[in-house]
Amino acid sequence: MSRYQQEDILRIAKEEDVEFIRLQFTDIFGMLKNVAITVSQLEKALDNRCMFDGSSIEGFVRDDETDMFLYPDLDTFEIFPWRPQQGKVARLICDVYRPDGTPFEGDPRYVLRKALNHAKNMGYNFFVGPECEFFLFHLDDQGLPTTTTHEKAGYFDVGPVDFAENVRRDIVLNLEEMGFEIEASHHEIAPGQHEIDFHYNEGLITADNIMTFKMAVKAIAKRHGLHATFMPKPKEGVNGSGMHINLSLFDGDGKNVFEDIKDRKGLGLSKTAYAFMAGVLKHVNGMALLTNPLVNSYKRLVPGYDAPIYIGWSPYASRNCLMRIPITRGNGTRVELRSPDSAMNPYLALAVILESGLEGIEKHLELAEPVKKNPFTLTKEERKKTGISQIPNTLGRAIEAFEEDPFMRKVLGEHIYSKYLEAKKEEWREFRAQVTNWEVDQYLFKY
């Protein structure tokens with residue numbers, strides 16, 4: 001059931017002294033965009049009559065297909081609590097439509113909606129709980145971000161060792177005012193690194209919440225004179241930032257279909273859960289370009305920094321595997337995918353993850369045996385013998401895996417698939433042409 005009708009939003013905007021509304025949408029690379037309007041234009045926007053130039057958005061349309069319309073999702077109306085209290089600023093997350101009234105196939109939100117509809121047609125509702133990590137760094141004298149932090153805090157440290165305790169508190173309070181249910185917040189392993197977890201929710205709501213979360217964290221950090229970054233590996237020699245994703249399916253009666261107390265394997269998991277996991281693991285290499293979309297993403301996925309690099313699953317809540325089963329059962333039964341990072345486009349990544357799991361269910365895919373030993377302690381020969389393979393270790397390898405898996409094209413559609421692939425190939429080409437400081441330090445004198 002919808003939270004708001006048009007008249008509700010118009011009334012709230014008037015009562016709350018809202019002056020500006022940001023009509024937000026996301027490009028195919030996960031960058032949040034917006035068209036800002038004044039409250040005098042709100043009724044026009046709510047009637048789906050706000051137009052923008054789609055050719056200005058990378059990966060959207062050609063110059064001869066410029067006109068696009070923003071259709072606000074009324075349930076996403078929120079007032080930014082960190083903005084001025086007189087002449088307030090609100091937002092509406094929008095779907096992108098063509099002038100003929102059809103959804104734009106290049107809109108990432110549309111891709112996720114299609115996947116969610118597929119799940120509903122199978123009798124499932126998809127729920128997701130993210131664990132969002134980020135760094136807080138100082139700004140330089142010009143107000144530009146650095147990778148400098150003066151603190152030395154580590155995992156779960158508290159103030160005064162944790163300098164950013166009050167920043168996290170401010171972030172949490174603002175998010176709660178926007179309707180988030182925050183489950184936990186704490187300092188992470190690396191100096192300057194933090195994690196905030198919010199309650200699981202339906203897939204589209206969670207994707208919207210991830211985009212809102214990143215925007216809020218950056219805005220509030222800036223108020224404290226800091227820069228928040230979701231770059232996967234901003235500093236060498238320390239842990240990178242991931243975004244572990246907890247996945248579950250519920251039926252129409254609100255029962256978690258991943259749970260089965262009669263499970264013959266003794267894990268309390270259903271055949272549906274095992275097949276879903278098999279589907280995700282089948283396509284995990286192909287989806288790496290979406291879950292880990294940057295050159296920098298693969299600097300995080302290396303041994304020794306608490307990030308998974310080997311394909312496998314563990315029923316023992318092991319954090320060394322790509323996929324693990326947290327110990328909670330009942331409606332909390334879930335699968336945790338540990339490879340994604342916060343640079344991903346949540347709409348596209350969640351769509352591919354969901355469709356992969358649904359394929360596993362539809363085709364009754366068999367799940368491989370669990371990984372019973374820490375794959376990092378096994379030799380190359382032992383890993384080969386037990387069938388443990390490695391996920392792509394560079395953006396180039398991820399591009400190859402993406403192209404080799406036709407399922408990616410099927411889920412994303414031709415428009416996003418081709419535009420996204422073209423951009424990532426260019427990113428990889430540009431990176432390969434760079435000469436880094438490391439290379440100069442290593443080779444200039446020797447050769």
Side-chain angles (χ1 to χ4, degrees), residues 2-26 31-42 45-46 70 72-94 129-136 139 143 145 159 162-187 194-202 204-230 243 342 346:
S2 297
R3 293 170 60 200
Y4 298 121
Q5 301 298 318
Q6 284 195 25
E7 56 268 23
D8 297 323
I9 294 175
L10 292 169
R11 173 181 52 80
I12 294 169
K14 183 176 180 180
E15 291 175 353
E16 294 291 332
D17 188 30
V18 172
E19 184 59 39
F20 296 95
I21 298 93
R22 293 183 178 179
L23 305 178
Q24 298 180 335
F25 60 100
T26 302
M31 295 293 103
L32 191 64
K33 307 291 184 180
N34 75 220
V35 174
I37 62 172
T38 62
V39 72
S40 65
Q41 301 297 306
L42 179 56
L46 296 176
L70 296 174
D73 183 337
L74 304 189
D75 288 344
T76 65
F77 179 76
E78 294 288 351
I79 297 172
F80 295 152
W82 61 85
R83 299 290 290 176
Q85 293 306 294
Q86 288 186 334
K88 295 178 182 177
V89 180
R91 74 91 195 272
L92 285 158
I93 296 176
C94 302
E131 302 172 17
C132 301
E133 297 176 347
F134 57 94
F135 279 87
L136 293 174
L139 302 172
D162 175 10
F163 290 178
E165 192 172 54
N166 288 335
V167 184
R168 281 203 315 276
R169 176 180 177 275
D170 198 9
I171 292 169
V172 168
L173 291 175
N174 276 273
L175 289 171
E176 286 185 334
E177 198 168 334
M178 293 182 73
F180 279 68
E181 182 181 343
I182 304 299
E183 293 189 332
S185 69
H186 59 85
H187 198 287
H194 306 271
E195 178 177 320
I196 297 177
D197 305 330
F198 46 90
H199 193 61
Y200 69 87
N201 213 322
E202 185 270 332
L204 185 64
I205 295 174
T206 296
D208 288 341
N209 283 344
I210 289 170
M211 298 304 298
T212 300
F213 175 85
K214 293 166 73 172
M215 173 190 65
V217 169
K218 285 180 172 290
I220 295 163
K222 192 170 183 179
R223 287 204 321 182
H224 287 265
L226 297 169
H227 175 72
T229 181
F230 293 90
M243 184 162 58
S342 298

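What you see is a predicted model, and the numbers here were worked out from it, not measured in a lab.
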So, do [X] and [Y] sit near enough that their side-chain heavy atoms are less than 4.5 Å apart?
X	Y	result
Phe180	Thr212	yes
Glu195	His187	no
Val39	Phe20	no
Pro130	Thr206	yes
Val172	Arg169	no
Arg22	Phe80	yes
Leu23	Asn34	no
Val217	His194	no

Could you pull out the closest heavy-atom pair between [X] and [Y], with the gap in Å?
X	Y	answer
Glu19	Gly87	CB-CA, 3.6 Å
Ile182	Glu176	CG1-CG, 3.9 Å
Tyr4	Asp75	N-OD1, 3.5 Å
Asp197	Cys132	OD1-N, 3.9 Å
Asp17	Gln86	OD2-CA, 3.5 Å
Gln5	Leu74	C-CD1, 4.0 Å

Practice task
Assess whether side-chain contact (heavy atoms from CB on, under 4.5 Å) is satisfied between Ile12 and Val18, documenting all intermediate values.
Solution key: CA-CA 8 Å; Ile12 294 169; Val18 172; 5.8 Å; no
Practice task
Could you tell me whether Glu78 and Arg3 make a salt bridge, using a distance below 4.0 angstrom between a side-chain N and a carboxylate O?
Solution key: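 Looking at Arg3 together with Glu78, the answer is yes, because their closest N to O distance falls below 4.0 Å.
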Handout entry: Salt bridge Glu15-Arg11, side-chain N to carboxylate O under 4.0 Å
Key =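 Salt bridge between Glu15 and Arg11, a charged N being under 4.0 Å from a carboxylate O: yes.
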Quick check against the 3.5 Å criterion: does [X] have a side-chain atom that pairs as donor or acceptor with the backbone of [Y]?
X	Y	answer
Gln85	Arg83	yes
Glu177	Pro81	no
Asn174	Asp170	yes
Lys33	Phe25	no

Measure the [atom1]-[atom2] distance between [X] and [Y] for me, rounded to the nearest 0.5 Å.
X	Y	atom1	atom2	value
Leu136	Arg168	CG	CZ	8.5 Å
Met211	Ile93	CE	CD1	8.0 Å
Leu175	Asn209	CG	CG	9.0 Å
Phe230	Ile210	CZ	CD1	10.0 Å
Met31	Thr26	CE	OG1	9.0 Å
Met178	Trp82	CE	CH2	4.5 Å

Exercise for the section: Please work out which of the three classes, parallel, tilted or perpendicular, describes the rings of Phe213 and Phe198, given edges at 30° and 60°. Expected result: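 If you compare the ring of Phe198 with that of Phe213, the planes turn out tilted.
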Practice task
Count the heavy atoms of every other residue, nucleotide or ligand shown that sit under 6.0 Å from CD of Glu7, and state whether that count exceeds 12.
Solution key: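 Buried by this count: over 12 neighbours within 6.0 Å.
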Problem - Atom NZ of Lys88 with >12 non-hydrogen neighbours under 6.0 angstrom - result: yes
